[in-house]
Amino acid sequence: METERVAATWQERLGGADALARIVDRLYTLALDDPALEPVFARVDLDALQRHQARFLGFVLGSGDATIGAQMRRAHTGLEITPRQFTAMARHLTTALDSTGAPPALVREIAEQVERLRDDIVGW
Ligand code: HEM
């Protein structure tokens, strides 16, 4: 409940549901075009990538939730994501946010939230 409320606030700050959908779309394209991420997504499938991008922001923005770390570890176990791949994905998010005109301070704030998840995503 709390997570939903927090996420809704973020959505508003990003410019509403349409803006959020554009960000997710852009993130999907950027991740798909990135050869550094390809080895991981080749082990799953495109549906998984689509699910990934759709849920990605919701999780990041709701990351005040105390269980987020455990959820991220569970979701990425077996994928052996490298620090470089994590950084690439985080950068794609920043690019996607910038491209929809999100204010720079907000983009930085979101990037910090993503960075906090690094140790729960890398290396499992
Ligand atoms: C940068 C920070 C990242 C965040 C915030 C993130 C977020 C998420 C989320 C929210 C899920 C879904 C969890 C669920 O449905 O319970 C997930 C699953 C997954 N993530 Fe990530 N992720 C990140 C980085 C990466 C990277 C770098 C890769 C691959 C190169 C990756 C590959 C995957 C895959 C393959 C799944 C499973 C998808 C499925 O089968 O449904 N993630 N991630």
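Every number for a ligand or one of its atoms is a count from 1 in the order of the listing. When a residue number appears, it is its place in the shown sequence, counting from 1. It should be emphasised that the depicted structure is a prediction, and the values quoted were computed from it without experimental measurement.
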Query raised in the report: In the protein, what heavy atom is nearest to atom 28 (C) of ligand 1, and what distance, to one decimal place, separates them?
Result: I81 CD1, 3.3 Å
**Report entry** Closest non-hydrogen atom pair between L97 and T100, with its separation
**Finding:** O-OG1, 2.9 Å
Query raised in the report: At under 4.0 Å between heavy atoms, which part of R43 makes contact with ligand 1: side chain, backbone, both or neither?
Result: neither
**Report entry** Winner among R118, R55, H76, E80 once heavy atoms are compared against atom 43 (N) of ligand 1
**Finding:** H76
Report summary line: for atom 19 (C) of ligand 1, nearest protein heavy atom and its distance come out as H52 CD2, 3.1 Å
Query raised in the report: Please walk me through it: do F56 and L27 pass side chain to side chain contact (heavy atoms under 4.5 Å, CB included)?
Result: CA-CA 10 Å; F56 185 100; L27 187 58; 3.8 Å; yes
**Report entry** Exercise: identify the closest heavy-atom pair between A19 and L14
**Finding:** CB-O, 3.2 Å
Query raised in the report: What protein heavy atom is closest to atom 41 (O) of ligand 1, reported as residue, atom name and distance in Å?
Result: R51 NE, 2.9 Å
Report summary line: Ranked by distance from atom 34 (C) of ligand 1, the top protein heavy atom is L79 CD1, 3.4 Å
Requested in this report: Using modelled atom types only, decide if a donor and an acceptor are shared between the side chain of E38 and the backbone of L32 within a distance under 3.5 Å.
Outcome: no
Requested in this report: Pull out every atom of ligand 1 sitting under 4.0 Å from any heavy atom of L37, numbered as shown with elements.
Outcome: 30 (C)
Report summary line: atom 29 (C) of ligand 1 sits nearest the protein heavy atom V40 CG1, 3.5 Å
Query raised in the report: Nearest to atom 13 (C) of ligand 1, what protein heavy atom do you find, and at what distance?
Result: A75 CB, 3.6 Å
Query raised in the report: Where the side chain of W124 meets the backbone of D119, is there a donor-acceptor pair that is under 3.5 Å apart?
Result: yes
Report task. Answer with yes or no whether the side chains of T87 and R118 bring together a donor and an acceptor at under 3.5 Å. Result -> yes
**Report entry** Location of contacts on L93 toward ligand 1, heavy atoms closer than 4.0 Å
**Finding:** neither
Query raised in the report: At under 4.0 Å between heavy atoms, which part of R74 makes contact with ligand 1: side chain, backbone, both or neither?
Result: neither
**Report entry** Per-atom contacts, ligand 1 versus Q85 - under 4.0 Å to a heavy atom
**Finding:** 27 (C)
Requested in this report: Grab the two heavy atoms, one from R73 and one from D120, that are nearest each other, plus how far apart they are.
Outcome: NE-OD1, 3.0 Å
Report task. Ignoring hydrogens and angles, tell me if any N or O in the side chain of Q85 forms a donor-acceptor pair with the backbone of T82 under 3.5 Å. Result -> yes
Report summary line: Closest non-hydrogen contact found for L106 with R13 is CD2-O, 3.4 Å
Requested in this report: May I ask you to identify the nearest protein heavy atom to atom 5 (C) of ligand 1, giving residue, atom name and distance to one decimal place in Å?
Outcome: V60 CG2, 3.4 Å
Query raised in the report: Got the closest protein heavy atom to atom 9 (C) of ligand 1, with its distance?
Result: M72 CE, 3.7 Å
